[in-house]
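Have a look at the structure below, then the notes.
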Amino acid sequence: MITVIGSLNMDLVINTPRLPKPGETIMGRKFKQVPGGKGANQAAAIARLGADVQMIGCIGEDQMGQVLKQTLEKDGVNTKHIFEKKDSSTGVAAILVEEFGNNMITVAPGANYALSVDDIKDKKAVIQDTDIVLLQLETTMDVVETALTLAKEAGKKTILNPAPAWSLRRAVLKNIDVLTPNETELETLTGGRIDTEQKLIDASRVLIKNGVGEIVVTLGEKGCVHVTKDTAKRFHAYNVKSVDATAAGDSFNGALAVCLERGDCMDAAIEYAMKVGAMTVTKEGAQTSLPYKKEVDAFTEWLKKGEE
Ligand code: RIB
């Protein structure tokens, strides 16, 4: 069982020929509401890849919240531990997606920030009844820190996707087994500019020295780098036609959790997660773009045939 602790947002998405400059108004192309939120996306990705997953999160007592919860249920995510709070509105994300898939996202966290430390403590037994706990940073830092502490005390494997970028207290680092920042997030975590692979490795090693188990730095179309205390290995991205990068990081993290739960080695887990992330950018939207296990299997077969 994998437990995802994190956000649920309704994404308000406008496709646009290009991203506007500050102060500029431009005319977009189309508008859609799509279920999203990094936590919910990761939970949905896990369910679609065939693993058991439960989510701890929070929505408001409103229609958007119900839609988000029902969408997860349809995918097979256990939503029993999602709180509904009267005085908060469900989280919303404003997303602009330009022609070749790059995006800009602003989140109004709403109910995601109403998820409290006490809520997490109430779910201690749920955390204990799991193999892997997967978190992001769209809930409050207190919630993230408490969840990581409880998970580690219970001897669980923890994965933290430190998105959106936020710095972490040193004391928290020892509770993270696998950290999955992108370049910008790694810069925020370590406070320096990262413009070479060596700087990326050095920055990762600083975090490892301070307690993180291992790090996978995602680099979009440039692939990713897996850094441990003694090793650093580059993985190349799959060459696909990018339509919308939204949720690619989320599906990557979900896939990584699925593979690590079933006992794959990190190399195999990253290879699989790279495929899942690549497939996600070929479709529009957040949860609308997450691939199912059989689609990933078909993609794997197709890649194999290309190698023959
Ligand atoms: O990672 C993509 C997600 O970030 C979107 O679904 C949006 O809700 C924001 O949380």
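Ligands are counted one by one from 1 in listed order, and the atoms in each one are counted from 1 as well. All values reported here derive from a predicted model rather than from experimental measurement. Atoms considered below: every heavy atom in the structure, side chains included; atoms not considered: hydrogens, waters and symmetry mates.
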Please lay out, stage by stage, how Leu219 and Leu200 fare under the test side chain to side chain contact (heavy atoms under 4.5 Å, CB included). CA-CA 11 Å; Leu219 304 168; Leu200 179 156; 3.8 Å; yes
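- Taking every non-hydrogen atom of Ala93 and a distance limit under 4.0 Å, the qualifying atoms of ligand 1 come out as 7 (C), 8 (O).
- For the pair Gly249 and ligand 1, no heavy-atom separation below 4.0 Å is found.
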Lys123 and Asp119: CA distance, side-chain angles, deciding distance, salt bridge (Lys or Arg N to Asp or Glu O under 4.0 Å) verdict: CA-CA 6 Å; Lys123 296 294 175 190; Asp119 293 335; over 6 Å; no
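- With a 6.0 Å radius and a threshold of 12 heavy atoms from other residues, nucleotides or ligands, Gln63 has its CD atom at or below the threshold.
- Annotation for ligand 1: atoms under 4.0 Å from non-hydrogen atoms of Asp11 are 5 (C), 6 (O), 7 (C), 8 (O).
- Below 4.0 Å from some heavy atom of Gly36 lie the following atoms of ligand 1, by number and element: 6 (O), 8 (O).
- Scanning the protein for heavy atoms near atom 10 (O) of ligand 1, the closest one is Glu138 OE2, 2.6 Å.
- Using a cut-off of 4.0 Å between Lys/Arg side-chain N and Asp/Glu carboxylate O, Lys152 and Asp177 are scored as salt-bridged.
- Taking a cutoff of 4.0 Å between a charged side-chain nitrogen and a carboxylate oxygen, Arg18 and Glu99 do not qualify as a salt bridge.
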Does the side chain to side chain donor-acceptor pair (under 3.5 Å) test come out yes or no for Ser89 and Asp62, once each step is laid out? CA-CA 7 Å; Ser89 49; Asp62 48 32; 5.1 Å; no
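- Atom 4 (O) of ligand 1 has as its closest protein heavy atom Lys38 NZ, 3.2 Å.
- In terms of N/O distances under 3.5 Å, ligand 1 is not approached by Ile95.
- Under 4.0 Å from ligand 1, the heavy atoms of Asn41 that appear belong solely to its side chain.
- The aromatic rings of His226 and Phe235 sit tilted relative to each other, their planes meeting at an angle between 30° and 60°.
- Close approach to Ala286 involves these atoms of ligand 1, each under 4.0 Å from a residue heavy atom: 6 (O).
- Comparing heavy-atom distances from atom 2 (C) of ligand 1 across Thr280, Asn253, Asp250 singles out Asp250 as nearest.
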